[in-house]
Student: 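Questions regarding the structure given below will be posed in turn.
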Amino acid sequence: MAADISRAGVEKAYGRWAPVYDLVFGKVFDAGRQSTIAEADRIGGRVLDVGVGTGLSLSEYARTTKICGVDISEPMLRKAQARVRSLRLSNVEVLSVMDAKNLAFPDNAFDAVVAQYVITAVPDPEGTLDEFVRVLKPGGELILVNHIGAEKGLRKLSELAFAPIARRLGWRPEFPWARLEGWAEKHGGITLTERRPMPPMGHFSLIRYRKS
């Protein structure tokens with residue numbers, strides 16, 4: 001599927017967001033963050049947090065969970081690195097600038113991959129999801145939280161109308177569940193284990209896949 005946003009555009013957008021991201025999105029996305037962290041801590045071991053951003057999640061993980069964090073935005077990641085230093089988060093193994101579709105990790109490296117509000121902010125969601133599964137150990141879990149676009153009605157029309165502005169801000173709002181279903185069917189080797197509505201207003205979902 002052709003990309004409708006670009007890596008350069010996303011990188012630029014989130015560089016602009018970096019100074020105010022925590023203030024603007026901290027509380028709004030808190031329920032989704034806490035839910036993904038709880039699932040990752042339940043699994044334990046070594047977790048990859050993709051799109052770690054300013055590191056809002058890092059201090060919430062159990063100290064027994066080993067974290068590797070990556071993000072496309074260097075300004076966002078600098079804030080995460082400062083957070084790790086100030087809070088002495090010794091369980092954070094590495095924070096690196098990295099493209100989510102081209103992860104510099106070997107196959108089967110992580111017990112869980114966490115991606116919070118990422119899939120609608122990458123140029124190639126399906127290819128990026130493939131890469132997440134590649135670095136997962138067999139039996140490991142892919143844990144997503146993301147906006148899921150409406151299939152019909154006024155909300156769908158609103159999302160389509162807002163889409164050009166949203167792309168300039170760094171994401172696509174019209175991302176239907178059918179797109180994830182199509183990816184999972186084509187990929188194979190994974191099983192959907194949960195889809196849970198998330199605030200605000202249930203327009204977001206916590207989504208979990210297990211790798212065979």
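Below, all heavy atoms of this structure are taken into account, side chains as well, without hydrogens, waters or symmetry copies.
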Student: State, yes or no, whether a side-chain contact exists between Asn91 and Thr64 at a heavy-atom distance under 4.5 Å.
Tutor: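 Not in contact.
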Student: Should Val97 and Val114 be regarded as members of a common hydrophobic cluster, given that ILVMFWY residues are connected when their side-chain heavy atoms come within less than 4.5 Å of each other, either directly or indirectly?
Tutor: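 Cluster IDs for Val97 and Val114 match.
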Student: Apply side chain to side chain contact (heavy atoms under 4.5 Å, CB included) to residues Leu58 and Val84 and explain how you reach the verdict.
Tutor: CA-CA 8 Å; Leu58 294 175; Val84 168; 3.6 Å; yes
Student: Would you say Leu95 and Ile67 make side-chain contact, with heavy atoms under 4.5 Å?
Tutor: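 A side-chain contact is absent here, since even the closest heavy-atom pair is not under 4.5 Å.
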Student: What's the separation between atom CD1 in Ile148 and atom CG in Leu180, rounded to the nearest 0.5 Å?
Tutor: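 If we round to the nearest 0.5 Å, Ile148:CD1 and Leu180:CG are 5.0 Å apart.
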Student: Any heavy-atom pair between the side chains of Met198 and Val145 that's under 4.5 Å?
Tutor: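 Yes, side chains in contact.
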Student: Return each pair, listed once, that meets side-chain hydrogen bond (donor to acceptor under 3.5 Å, both in side chains) where at least one residue sits in residues 96-112; pairs must be two or more places apart or across chains.
Tutor: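 Qualifying pairs, neighbours excluded: Arg7-Asp99, Asp99-Asn102, Lys101-Asp124, Asp107-Arg134, Asn108-Lys211, Asp111-Lys137.
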Student: Could you state the interatomic distance from NE2 (His147) to OG (Ser205), rounded to the nearest 0.5 Å?
Tutor: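 Result: 9.0 Å between the selected atoms.
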Student: Tell me if a side-chain donor or acceptor on Asp130 pairs with a main-chain N or O of His187 at a distance below 3.5 Å.
Tutor: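 No; judged by distance alone, with no hydrogens or angles, the pair does not exist.
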Student: Is it the case that the side chain of Ser35 and the backbone of Gly32 share a donor-acceptor pair, with hydrogens and angles ignored and the cut-off at 3.5 Å?
Tutor: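 Judged by distance alone, no pair lies under 3.5 Å.
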Student: Of all the heavy-atom pairs spanning Ala109 and Pro106, show the shortest one and how long it is.
Tutor: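 Nearest pair, atom of Ala109 first, then Pro106: CB-O, 3.4 Å.
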Student: Starting from the C-alpha separation in whole Å, work towards a yes-or-no answer on side chain to side chain contact (heavy atoms under 4.5 Å, CB included) for Leu136 and Leu142.
Tutor: CA-CA 8 Å; Leu136 266 179; Leu142 171 57; 4.0 Å; yes
Student: Please step through side chain to side chain contact (heavy atoms under 4.5 Å, CB included) for the pair Val70 and Val52, ending with a clear verdict.
Tutor: CA-CA 6 Å; Val70 300; Val52 69; 5.9 Å; no
Student: Stepwise, does the side chain to side chain contact (heavy atoms under 4.5 Å, CB included) test hold for Leu144 with Leu129?
Tutor: CA-CA 10 Å; Leu144 311 173; Leu129 289 164; 3.9 Å; yes
Student: Leu192, Ile119: one ILVMFWY side-chain cluster at the under-4.5 Å cut-off?
Tutor: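 Yes; Ile119 is reachable from Leu192 via cluster members.
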Student: Quick one: pull up CZ in Arg83 and CZ in Arg78 and give me the separation to the nearest 0.5 Å.
Tutor: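 Nearest 0.5 Å value for the CZ-CZ distance: 15.0 Å.
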Student: Taking the side chain as every heavy atom from C-beta outward, state whether Ile207 and Trp177 have any atom pair closer than 4.5 Å.
Tutor: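 Answer yes - side chains close enough.
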Student: Donor-acceptor pairs are to be reported for all side-chain atoms of residues 41-50 against protein atoms at under 3.5 Å, with residues two or more places apart or in another chain.
Tutor:
unit_1 : atom_1 : unit_2 : atom_2 : d
Asp41  : OD1    : Ala62  : N      : 3.2
Asp41  : OD1    : Thr65  : OG1    : 2.7
Asp41  : OD2    : Ala62  : N      : 3.0
Arg42  : NE     : Glu39  : OE1    : 2.8
Arg42  : NH2    : Glu39  : OE1    : 2.8
Arg42  : NH2    : Glu141 : OE1    : 3.2
Arg42  : NH2    : Glu141 : OE2    : 3.2
Arg46  : NE     : Glu93  : OE1    : 2.9
Arg46  : NH2    : Glu93  : OE1    : 3.4
Asp49  : OD2    : Tyr61  : OH     : 2.8

Student: Not counting sequence neighbours, which residues clear side chain to side chain donor-acceptor pair (under 3.5 Å) with Glu194? List them please.
Tutor: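 For Glu194, the residues satisfying side chain to side chain donor-acceptor pair (under 3.5 Å) (neighbours in sequence not counted) are Arg196, Arg208.
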Student: For the pair Glu126 and Lys186, find out whether any cationic side-chain nitrogen is under 4.0 Å from an anionic carboxylate oxygen.
Tutor: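 No salt bridge links Glu126 with Lys186.
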Student: Checking Lys66 now: which residues fulfil salt bridge (Lys or Arg N to Asp or Glu O under 4.0 Å) with it, not counting sequence neighbours?
Tutor: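 Expected list: none.
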Student: What heavy-atom pair brings Ala100 and Thr128 nearest, and what distance separates the two atoms?
Tutor: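 Heavy atoms of Ala100 and Thr128 come nearest at CB-CG2, 3.7 Å.
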Student: Within the 4.5 Å heavy-atom criterion, are Ile143 and Val113 side-chain neighbours or not?
Tutor: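 No; the side chains remain at least 4.5 Å from each other.
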Student: Tell me which pairs pass ring-ring contact (aromatic ring centres under 6.0 Å, His included) where either residue lies in residues 120-143, with sequence neighbours left out.
Tutor: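 Passing the test, one end in residues 120-143: no pairs.
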Student: The criterion is ring pair (Phe, Tyr, Trp, His ring centres under 6.0 Å); which residues satisfy it with Tyr209, sequence neighbours excluded?
Tutor: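 Checked Tyr209 against ring pair (Phe, Tyr, Trp, His ring centres under 6.0 Å); matches are Trp183.
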Student: Does some side-chain heavy atom of Asp71 sit less than 4.5 Å from a side-chain heavy atom of Met98?
Tutor: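 Side chain of Met98 against side chain of Asp71, heavy atoms only: no contact under 4.5 Å found.
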Student: Using side-chain heavy atoms (C-beta onward) and a distance below 4.5 Å, is Pro125 in contact with Phe175?
Tutor: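 A side-chain contact under 4.5 Å exists here.
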Student: Using every non-hydrogen atom in the two residues, find where Ala80 and Gly55 come nearest and quote the distance to one decimal.
Tutor: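 Taking Ala80 first and Gly55 second, the nearest heavy atoms are CB-N, 3.6 Å.
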Student: So which of Thr36, Leu206, Asn146 actually passes side-chain contact (heavy atoms from CB on, under 4.5 Å) with Gln116?
Tutor: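 For Gln116, the side-chain contact (heavy atoms from CB on, under 4.5 Å) check succeeds only for Thr36.
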